[in-house]
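Inspection log for the structure reproduced underneath, given as structure tokens.
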Protein chains: 2
Amino acid sequence: MAGWEDIRAEVLARIRSRAWPLGALIPGEEALAQEFGVARATVNRALSELARVGVLERKRKAGTRVAALPVRKASFDIPVIRAEVEARGEIYGLRLLYLAIERPPVPVVARLGQDVGDMVHVQTLHLATGRGFVVEDRWLNRAVVPDPMPDFGAVSANEWLVAHVSYATGDISFAAEGAGGWEAEAMGVTDGAAVFVTERCTWAPEHPITWVRLVHAPGYRLSTLL
Amino acid sequence: MAGWEDIRAEVLARIRSRAWPLGALIPGEEALAQEFGVARATVNRALSELARVGVLERKRKAGTRVAALPVRKASFDIPVIRAEVEARGEIYGLRLLYLAIERPPVPVVARLGQDVGDMVHVQTLHLATGRGFVVEDRWLNRAVVPDPMPDFGAVSANEWLVAHVSYATGDISFAAEGAGGWEAEAMGVTDGAAVFVTERCTWAPEHPITWVRLVHAPGYRLSTLL
DNA sequence: AAGTGGTCTAGACCACGCA
DNA sequence: GCGTGGTCTAGACCACTTC
């Protein structure tokens, strides 16, 4: 019996073999269902999957075509830092460097897209077996933090958030920068050393939650399967 | 009428409100289908989607539970460099720096996981409106390159591959490094400047296809929505 | 052995986007 | 309009995992 994964494999084979060239329109779901002897829903499952990963482009009425420039999509996990350290078999440590309620600088407000006044500003150092692993610089909307503030020296803001302010939209970006200032000092690297930097911004449906900048120790690598 | 997206929203709301705490087992599909007055397939679609993005964990017989440490997954596109440059409204240019058939160094063979003897070695500079955008260092399995070799000075190996050797598995990784050697020179940056580096390895089902290292111009940023 | 999620079917209706 | 993909249903069988 042909399952949706078999259909997917067959479609991929036809694309690879150029039976269905790049950019070409392929037969409709009904036709393929007949040809393969399966229900239309099964074909739909296979084609939807291929569209999700960028191999096909589907539009109602227009039909399904092979992506002209197959844009590969890759996905990766955004782990809680503690889990990431422990997954390497190292011992996690956390050191609170700075904590205050103050006005965020203009760039942070801009990234959040909305001014919510004073915010909770937390700077922490995440350790892997005693060595600096990540320097975290975070601004939190006071509206999401309870009044007796959690002890961010014991549980990282990162971890507290995923457990208490679940689900939100946001964006994330990665860049290479030369280390500098307090971040370089906290991490214990020389000024100008190349470091991997993650910046993330998250919103609840109606208000910003947090902006965070993570400076990873030199040698850090973000990797995933295609 | 309740569609699968409504079910998804309701499930998310229950998780957010702690009606279903982190790590807790939630009712089975049949029960939820009855409660929401929809078919089980609709509930399945919603829960599968949530499992795919890491909010739920599902196991046959064991049931569905809320992920204890919700690992957010992000996905991003791996565009063809020309498309990336043009998407910025800049003019794409390509300069072939080096082309030879030679033995790959040990690290490259190791990453590919299989020794295929001599390979095609291509080094190119991708330009955005005349300025260096990406330095590409690529090793290609000779088995995937036709005998009159394509003109890699006209069409980048990158682009030629997606059009002619479609679909493969592989891995990709990102890191920050200090620029150096011919790469720094080709890009026109000072030695030691922080650059964003992408390394990618792709395989056909039975043999390696290519290994490539991309050094992006300073200031490059990889970003995506969560 | 039994319960749960994973998938398939045949049919149906709907929404979108072209003409 | 009208064709295509998107989704839903009710029922069924299967695969996996835990008991």
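By convention in this document, chain letters (A, B, ...) are assigned in the order of the sequence lines, proteins followed by strands, and residues within each chain are numbered from 1.
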If I take atom [atom1] in residue [X] and atom [atom2] in nucleotide [N], what distance separates them, rounded to the nearest angstrom?
{"X": "F36(B)", "N": "dT9(D)", "atom1": "CZ", "atom2": "P", "value": "13 Å"}
{"X": "E5(B)", "N": "dC14(C)", "atom1": "CD", "atom2": "P", "value": "18 Å"}
{"X": "R8(B)", "N": "dT7(D)", "atom1": "CZ", "atom2": "C1'", "value": "14 Å"}
{"X": "D6(A)", "N": "dT7(C)", "atom1": "CG", "atom2": "C1'", "value": "12 Å"}

**Asked** When rounded to the nearest 0.5 angstrom, what is the spacing between CG in D137(B) and CD in Q123(B)?
**Response**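 Taking CG in D137(B) and CD in Q123(B), the distance rounds to 4.5 Å.
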
**Asked** Considering all heavy atoms of both residues, which atom of L94(A) and which atom of V155(A) are nearest to each other, and what is their separation?
**Response**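 Where L94(A) meets V155(A) most closely, the heavy atoms are CD2-C, 3.9 Å.
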
**Message:** My understanding is that only residues two or more places apart in sequence, or in another chain, count here; which of them pass side-chain hydrogen bond (donor to acceptor under 3.5 Å, both in side chains) with R45(A)?
**Reply:**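 Testing R45(A) for side-chain hydrogen bond (donor to acceptor under 3.5 Å, both in side chains), a comparison that skips the adjacent residues, returns none.
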
**Asked** Do H126(B) and E136(B) have a side chain donor and acceptor closer than 3.5 Å?
**Response**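 A pair is found: one side chain offers a donor N or O, the other an acceptor, under 3.5 Å apart.
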
**Request:** Indicate whether the side chain of R95(B) and that of T124(B) have a donor and an acceptor atom separated by less than 3.5 Å.
**Result:**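 Side chains of R95(B) and T124(B): no pair found under 3.5 Å.
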
**Request:** Report yes or no: does N141(B) contribute a side-chain atom to a donor-acceptor pair with the main-chain N or O of P208(B) at less than 3.5 Å?
**Result:**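 Yes, N141(B) side chain to P208(B) backbone: donor-acceptor pair under 3.5 Å.
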
**Item:** Steps toward salt bridge (Lys or Arg N to Asp or Glu O under 4.0 Å) verdict (R213(A), E199(A))
**Value:** CA-CA 4 Å; R213(A) 169 185 164 89; E199(A) 286 185 14; 3.2 Å; yes

**Request:** Would you please indicate if the ring centroids of F174(A) and F76(B) are separated by under 6.0 Å?
**Result:**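 Not under 6.0 Å, so no.
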
Produce the list of close N/O pairs, under 3.5 Å, pairing protein atoms with atoms of nucleotides 1-6 of chain C; give distances to one decimal.
from, atom 1, to, atom 2, distance (Å)
dG3(C), O4', K61(B), NZ, 3.4
dT4(C), O2, K61(B), N, 3.4
dG5(C), OP1, T64(B), OG1, 3.2
dG5(C), OP2, E29(B), N, 3.2
dG5(C), N2, R60(B), NH2, 3.3
dG6(C), OP2, R58(B), NH1, 2.6
dG6(C), O4', R60(B), NH2, 2.8
dG6(C), O6, R40(B), NH2, 2.4

**Item:** Axis deviation across the helix from dA1(C)-dT18(D) to dC18(C)-dG1(D), five-pair ends, to the nearest 10°
**Value:**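 Result, rounded to 10 degrees: 20°.
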
